[in-house]
> 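Quick one: the structure is below, and I'll ask about it shortly.
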Amino acid sequence: MEGNKKKHSLYYTWNGMMYRCYKKKHSHYKYYGAKGVTVDERWHDFWNFVYDVDNNLHDGHFLYEIGYDLDKDLKGGNTYSLDTCTVIRSSENQSMSREKQKKSILAYKENESIEYESLAKACQHLGINRSTIISCIRRGSQHKAGYHFTYIT
């Protein structure tokens with residue numbers, strides 16, 4: 001079973017998972033490792049990961065196909081492991097990721113406050129540019145229309 005793991009079809013799935021969780025310079029580390037997401041010790045060994053995908057993970061064979069991802073969120077875990085992971089379509093995973101990253105916005109001035117389900121909705125309703133609202137939030141400043149903005153988590 002041992003061999004050149006970099007040539008194995010599952011290598012980039014495993015490597016991406018490890019880098020997101022443990023390499024501070026990875027672009028997505030802030031969403032994973034910095035938030036306490038880890039990989040089960042067993043899966044630190046690439047060949048154990050392959051064995052579990054091939055023999056124990058329900059629908060694991062789909063990870064060999066384009067359009068499928070390993071997901072830890074559906075089963076509600078902060079750890080990538082055999083118990084917490086499932087295989088889902090990439091499109092479903094991307095959709096869930098976008099939903100998760102949506103932040104509500106509160107626009108307020110004097111005696112008025114309006115809650116928006118997303119930054120896009122606030123921009124559309126108020127006619128204010130996205131970058132302007134983000135800039136007001138970062139600086140804590142008031143927009144010329146009199147609104148202050150904040151994220152609601």
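Position 1 is the first residue of the sequence; numbering continues from there.
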> One pair to check against side-chain hydrogen bond (donor to acceptor under 3.5 Å, both in side chains): Thr79 and Asp40. What are the steps and the verdict?
CA-CA 6 Å; Thr79 302; Asp40 184 273; over 6 Å; no
> Closest heavy-atom contact between Ser135 and Ser141?
O-OG, 4.4 Å
> Any donor-acceptor pair under 3.5 Å linking the side-chain atoms of Ser81 with those of Thr84?
yes
> Among side-chain atoms of Asp52 and Trp43, is any donor-acceptor pair under 3.5 angstrom?
yes
> Could you tell me if the side chain of Val53 sits less than 4.5 Å from the side chain of Leu70, heavy atoms only?
no
> Any chance the side chains of Tyr22 and His44 put a donor and an acceptor closer than 3.5 Å?
yes
> Inspect the surroundings of CZ in Arg130 and state if more than 12 heavy atoms from other residues, nucleotides or ligands are less than 6.0 Å away.
no
> Show your reasoning for whether side-chain contact (heavy atoms from CB on, under 4.5 Å) applies to Leu63 and Trp14.
CA-CA 11 Å; Leu63 286 178; Trp14 175 81; over 6 Å; no
> So, do Cys123 and Ile133 sit near enough that their side-chain heavy atoms are less than 4.5 Å apart?
yes
> State whether the number of non-hydrogen atoms from other residues, nucleotides or ligands found under 6.0 Å of Lys75 atom NZ is greater than 12.
yes
> Do you know the tightest heavy-atom contact between Phe149 and His143?
CE1-CB, 3.9 Å
> Aromatic ring centroids of Tyr19 and His28 under 6.0 Å?
no
> I want to check a possible cation-pi pair here: Lys72 against Tyr80, using under 6.0 Å from ring centre and within 45° of the ring axis as the test.
yes
> Using side-chain heavy atoms (C-beta onward) and a distance below 4.5 Å, is His8 in contact with Val50?
yes
> Taking the side chain as C-beta and beyond, is there a heavy-atom pair between Ile105 and Ile152 under 4.5 Å?
no
> Looking at SG of Cys21 and OH of Tyr31, how far apart are the two atoms once the value is rounded to the nearest 0.5 Å?
14.5 Å
> Verify the distance criterion only: is there a donor paired with an acceptor across the side chains of Asp71 and Thr86 at less than 3.5 Å?
no
> Determine whether Lys121 and Ser118 make a side-chain contact, defined as any pair of heavy atoms from C-beta on separated by less than 4.5 Å.
yes
> Could you label the plane-to-plane angle of the Tyr68 and Phe62 rings as parallel, tilted or perpendicular, counting under 30° as parallel and over 60° as perpendicular?
parallel
> Nearest 0.5 Å, please: how far is CD in Glu65 from CG in Asp59?
10.0 Å
> Return the CG to CG distance between Leu82 and Asn48, rounded to the nearest 0.5 Å.
11.0 Å
> Hey, does Leu106 have a side-chain heavy atom less than 4.5 Å from the side chain of Ile114?
no
> Just checking Lys109: does its NZ atom have more than 12 heavy atoms from other residues, nucleotides or ligands closer to it than 6.0 angstrom?
yes
> Any non-hydrogen side-chain atom of Thr150 less than 4.5 Å from a side-chain atom of Ile137?
no
> Restricting to non-hydrogen atoms, name the atom on Tyr29 and the atom on Lys23 that form the minimum distance, rounded to 0.1 Å.
CB-O, 3.4 Å
> Nearest 0.5 Å, please: how far is CG in Asn15 from NE2 in His26?
8.0 Å
> Between Arg138 and Ile134, is there a donor-acceptor pair closer than 3.5 Å when you use the side chain of the first and the backbone of the second?
no
> Any side-chain heavy atom of Leu10 within less than 4.5 Å of one from Phe49?
yes
> For residues 110-136, which residue pairs qualify under ring pair (Phe, Tyr, Trp, His ring centres under 6.0 Å), counting only residues two or more places apart or in two chains?
Tyr116-His125
> Between the side chains of Asp45 and Tyr51, is a donor N or O closer than 3.5 angstrom to an acceptor N or O?
no
> Please give me the minimum heavy-atom distance between Cys136 and Gln142, naming the atom from each residue.
SG-C, 4.3 Å
> Side chain of Ser90, backbone of Gly67: donor and acceptor closer than 3.5 Å?
yes
> If you measure from NZ on Lys6 to OH on Tyr11, what distance do you get to the nearest 0.5 Å?
5.0 Å
> Would you compute the distance between atom OH of Tyr147 and atom CD of Glu110 and round it to the nearest 0.5 angstrom?
10.0 Å
